[in-house]
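Below: the structure, in structure tokens.
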Amino acid sequence: IGLNIVVGYAGLLDLGYVAFFAVGAYLYGLLASPHLAQTFPWIAAMFPHGLHTPIWLVIPLGAGLAGLALVGASLTAPPVTQTAQAAQTCTSVPFKSSKRTHKWYRVPSVVGTGGGRVIAFAERRDRPTTDDGNFDIVMRVSSDNGCHWGSLRVVSNNGKKRVSNPVPVNDPYAGKVVLLTTVLIYNPKTKGYVSQLHSQRMNLDGSGVTQLSKGLVRPEGWVAGRAMGNSGPGHGVVLRQGTHRGRIIVPLSRRESSTDTYFLYSVYSDDHGSTWHVGYYRSAGKRALIEGSIAEAPDGRLLVTYREKKG
């Protein structure tokens, strides 16, 4: 029985077949040999000439014993919850664009916070064919690994101005999710827009979201008046090893319009998103590199990638 249970969990069907053959072989060996009569006197008294059970009788008895083994395995196996079953088979769409309601969802990002909880973010746009408009950041929370989603909530809203490029980071050392976004602010002097970086924090279940207006990021080492460019989008990283364990790092990119030069850089925080500093900063020249993402390798090295805008 134990062998059958083990191979069932491991998925080793060949061993499972062997186990069932073993049930029949051992049963036939016991019922068609003098072993039982020699071991148990009461069996010897009942069968003085020895216990010689025909094989045609042993076969159904062996099948019955194997069936009992399966029943025992099913009764002793830990119950599979509906959540676990759903996580293995489900599909879901947390955000659905609708021409009828004039809402289009772009630039999604998902972060897991443990215990089957997943938080999905996206831009909610009021127009489908441009990157400018009245954009908000919305989110939905799932407690079963993304199979079902709670109600849609607006997490970042700046009136009719654009809030874009959500970058969520699960900070396990603080038990919080840090969300960085790019906010476009109109500059009446230049009659143009300046991009700002904003940070918000929330609990691991998506509750307790701080206000967008109170999260303006002014990283130490940043040149005053310089546009921040675009955060992410996608994900930041929290370092899990090394001397800077717990550091939050988020990649960004920006374009200097006067010279048509692209720059790649990052901001980092060593106090769970309370204050920020400029990390790497380098020119990409005329290469239109945008939309950065970062990951930590098992050996502690960081892999940073950017997308080529022009192909």
Side-chain angles (χ1 to χ4, degrees), residues 106-109 121-123 125 130-137 155-169 178-200 212-239 247-270 273-296 302-311:
R106 299 288 189 273
V107 196
S109 186
F121 300 87
E123 296 177 4
R125 301 184 175 189
T130 177
D131 287 336
D132 291 316
N134 179 9
F135 299 174
D136 303 324
I137 303 299
V155 64
S156 307
N157 186 332
N158 194 34
K160 294 184 178 181
K161 298 182 177 64
R162 190 188 85 177
V163 186
S164 62
N165 293 44
V167 182
V169 182
V178 179
L179 175 67
L180 273 74
T181 53
T182 299
V183 179
L184 284 186
I185 304 297
Y186 181 73
N187 187 338
K189 293 183 179 180
T190 62
K191 296 182 180 181
Y193 288 91
V194 177
S195 57
Q196 295 181 343
L197 186 64
H198 282 246
S199 173
Q200 296 171 266
L212 176 73
S213 59
K214 295 183 178 180
L216 177 62
V217 174
R218 296 182 176 91
E220 182 180 345
W222 192 253
V223 177
R226 175 187 288 172
M228 295 294 295
N230 292 311
S231 51
H235 297 89
V237 69
V238 178
L239 300 185
R247 170 175 289 182
I248 302 173
I249 306 177
V250 175
L252 296 95
S253 61
R254 59 181 299 272
R255 173 180 172 269
E256 193 67 55
S257 58
S258 60
T259 60
D260 192 27
T261 303
Y262 289 81
F263 293 88
L264 316 175
Y265 73 101
S266 69
V267 295
Y268 68 89
S269 174
D270 289 323
S274 296
T275 60
W276 296 86
H277 310 266
V278 178
Y280 64 84
Y281 189 94
R282 59 171 296 180
S283 170
K286 299 302 181 180
R287 293 191 64 188
L289 298 181
I290 60 174
E291 298 180 355
S293 185
I294 187 171
E296 183 181 20
L302 298 179
L303 174 65
V304 183
T305 60
Y306 284 86
R307 180 175 73 87
E308 177 66 68
K309 180 180 180 180
K310 297 179 181 179

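Remark: R287 pairs with E308 by the side-chain hydrogen bond (donor to acceptor under 3.5 Å, both in side chains) rule, at least two apart or across chains. Not counting sequence neighbours, the partners of T275 by the side-chain hydrogen bond (donor to acceptor under 3.5 Å, both in side chains) test are D271. For T259, the side-chain hydrogen bond (donor to acceptor under 3.5 Å, both in side chains) test picks out T261, with sequence neighbours left out. Under the rule for a salt bridge (Lys or Arg N to Asp or Glu O under 4.0 Å), R106 has no partner lying at least two apart in sequence or in another chain. Partners of S293 according to the side-chain contact (heavy atoms from CB on, under 4.5 Å) rule, which considers only residues two or more places apart in sequence or in another chain, are T305. By the ring-ring contact (aromatic ring centres under 6.0 Å, His included) test, Y281 pairs with F263, Y265, sequence neighbours left out. Not counting sequence neighbours, E296 has no partner by the side-chain hydrogen bond (donor to acceptor under 3.5 Å, both in side chains) test. Qualifying ring-ring contact (aromatic ring centres under 6.0 Å, His included) partners for Y262, counting only residues two or more places apart in sequence or in other chains: none.
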Just list the side-chain donor-acceptor pairs under 3.5 Å for residues 159-167, sequence neighbours left out, or say none.
from, atom 1, to, atom 2, distance (Å)
R162, NE, S164, OG, 3.4
R162, NH1, D131, O, 2.8
R162, NH1, D132, OD1, 3.4
N165, ND2, S231, O, 3.0

Which atom pairs, donor and acceptor, lie under 3.5 Å between side-chain atoms of residues 212-223 and protein residues at least two apart or in another chain?
from, atom 1, to, atom 2, distance (Å)
E220, OE1, H277, ND1, 3.1
W222, NE1, R226, O, 2.9

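Of all non-hydrogen atoms in E123 and I137, the two that sit nearest each other are CG-CD1, 3.9 Å. Smallest separation of non-hydrogen atoms from T182 and S195: CG2-CB, 4.0 Å. Residues A227 and R254 share a closest heavy-atom pair of O-NE, 2.9 Å. Closest non-hydrogen pair, Y306 versus P251, comes out as OH-CB, 3.7 Å. In terms of heavy atoms, D260 sits closest to R255 at OD1-NE, 2.9 Å. For T181 against L197, the heavy-atom pair with the smallest separation is O-CD1, 3.4 Å.
S266 contributes atom OG, which lies 5.0 Å from atom OH of Y280 (distance to the nearest 0.5 angstrom). Note: N230 CG to S253 OG = 5.5 Å, rounded to the nearest 0.5 Å. One distance of note links CD1 of I290 with CG of L252; it measures 12.5 Å at 0.5 Å rounding. Atom CZ of R307 and atom CG of L289 lie 10.0 Å apart (nearest 0.5 Å). Taking CD1 from I294 and CD1 from I249, the interatomic distance works out to 4.5 Å, rounded to the nearest 0.5 Å.
Within the 4.5 Å cutoff, the side chain of W276 has heavy atoms near those of the L180 side chain. Residues V238 and V178 fail the side-chain proximity criterion, which asks for heavy atoms closer than 4.5 Å. Within the 4.5 Å cutoff, the side chain of L179 has heavy atoms near those of the S156 side chain.
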(request) Output, in order, the C-alpha distance, side-chain angles, deciding distance and verdict of side-chain contact (heavy atoms from CB on, under 4.5 Å) for R125 and V107. (result) CA-CA 10 Å; R125 301 184 175 189; V107 196; 3.9 Å; yes
